[in-house]
Amino acid sequence: MCGTVGLFMGCSAVSLCPKQALFARRDDETGTAPEGAGRDAAGRDGQEPDRTAEDAYVSPFRNWYERSTVRSAERRTLGPLTAGQGFFAPELVPLASHPLIAGLRDERPEIYRDVLVRHLYRYLDFTAKLEHLVVNRTVLGIAHGTIGVRLPEAMRLDAFKIYCDEAYHALFSADLAAQVRAATDVRAELPEVPYFITRLERYLEETPDDLTALTEILFVIVSETLITAQLSDMWNDRSVAPAVREAVRDHALDEGRHHAYFAVFLRHLWGQLTPDTRRRAALRVPRLIRIFTDPDIPSVESEVVGYGLSRDEARQIVSELFPAAAVTAYAKSVAQQTVRHFASVGALDDEQVRAEFAAHGLL
Ligand SMILES: [Fe+2]
Ligand SMILES: [Fe+2]
């Protein structure tokens, strides 16, 4: 968390940081507590836990010790590919579907292979950074009770399990990328800071101070409840390297539990916000969804240039691959369940909030 300051957004969300909370407590004891200490991420004063909610919580992690990937799956190792096998399903790689690139499949198979490998790198890098730099920052705060959301004890304990899961997802993603690099000699050439983090960082900069920590929490709820159904099609796709499809499957099975958890977490969070904060928070959700789902156009464009095409051709390819309507349709389809969760807590009852979701193409 705090070791990643240079890469992410600094400690703007210090209220999430257990270490910071410990310092605050120590300052408190010495009578030097900073102004605002003792208030939580949502700006509320400390209150007693909600016992009714505690009684109702049924943990999705009841079999975690037996079922989670980190506890039960073996390391996924890359073996030699059989004829016709690739490093990703081509139909899930937008660039591979463009006629100028698809045409290379027979003419320049080595370049076509690189397109799939680079997509895999982008996916694995996205996963590793999302887990380490974004999700686990918040999960750590949930586990240690420093984000100011009152939760049943069992939910806090489950956050320790999620933290392990996400850390392992980051590890096996980095491990798989390293194995593919060793096997193919294809360099990743990805931006040091992934696009979604840059976008989130910018959005947090323009977020009112009192909503910054809450916005980060909402981004995690969004990212943990979006569903990319397409990836599950890859589990049984024999044309994809077994290590890749097994890793995707491992991840998706863990994330099913996370999804269930964060749907419950949202209910706890929402119930503890004031009506005004709920409305202001809900207005931010559509943008957070799009920050997550919108494609990384500059990175795809420079990848195309790397294959020897001109900058103009690269621009043409990305504009044809990612027309606004297709990007919006994708966001709407993967966010269906997320939108339902926010609707179920009443977030979309407000007319302006509904308009904001609609403006982002999510209704
Ligand atoms: Fe994960
Ligand atoms: Fe997760």
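Note that ligands are numbered from 1 as they come in the structure, with each ligand's atoms numbered from 1 the same way. This structure is a prediction, so every number in the text was calculated from the model and none was measured.
- Put simply, Glu224 gets within reach of the Fe ion (ligand 2), with an N, O or S atom under 2.8 Å from it.
- Cation-pi geometry between Arg249 and Trp235 is satisfied (NZ or CZ under 6.0 Å from the ring centre, within 45° of the ring normal).
- Taking the Fe ion (ligand 1) as reference, Glu255 places its N/O/S atom OE2 nearest.
- No other N/O/S atom of His169 lies as close to the Fe ion (ligand 1) as ND1 does.
- When you scan the N, O or S atoms of Glu131 for the one nearest the Fe ion (ligand 1), you land on OE2.
- For the pair OE2 of Glu166 and ND1 of His258, the angle whose vertex sits at the Fe ion (ligand 2) is 100° to 10 degrees.
- Between the side chains of Arg284 and Thr207, at least one donor N or O lies within less than 3.5 Å of an accepting N or O.
- In this structure, Arg118 is not positioned above the aromatic face of Tyr123 in the sense of NZ or CZ being under 6.0 Å from the six-membered ring centre and within 45° of the axis.
- At a cut-off of 3.5 Å, with distance as the only test, a side-chain donor of Glu166 or His258 sits close to an acceptor on the other residue.
- Side-chain contact annotation: His259 with His341, donor-acceptor N/O pair under 3.5 Å present.
- His251 contributes NE2 as its N, O or S atom closest to the Fe ion (ligand 1).
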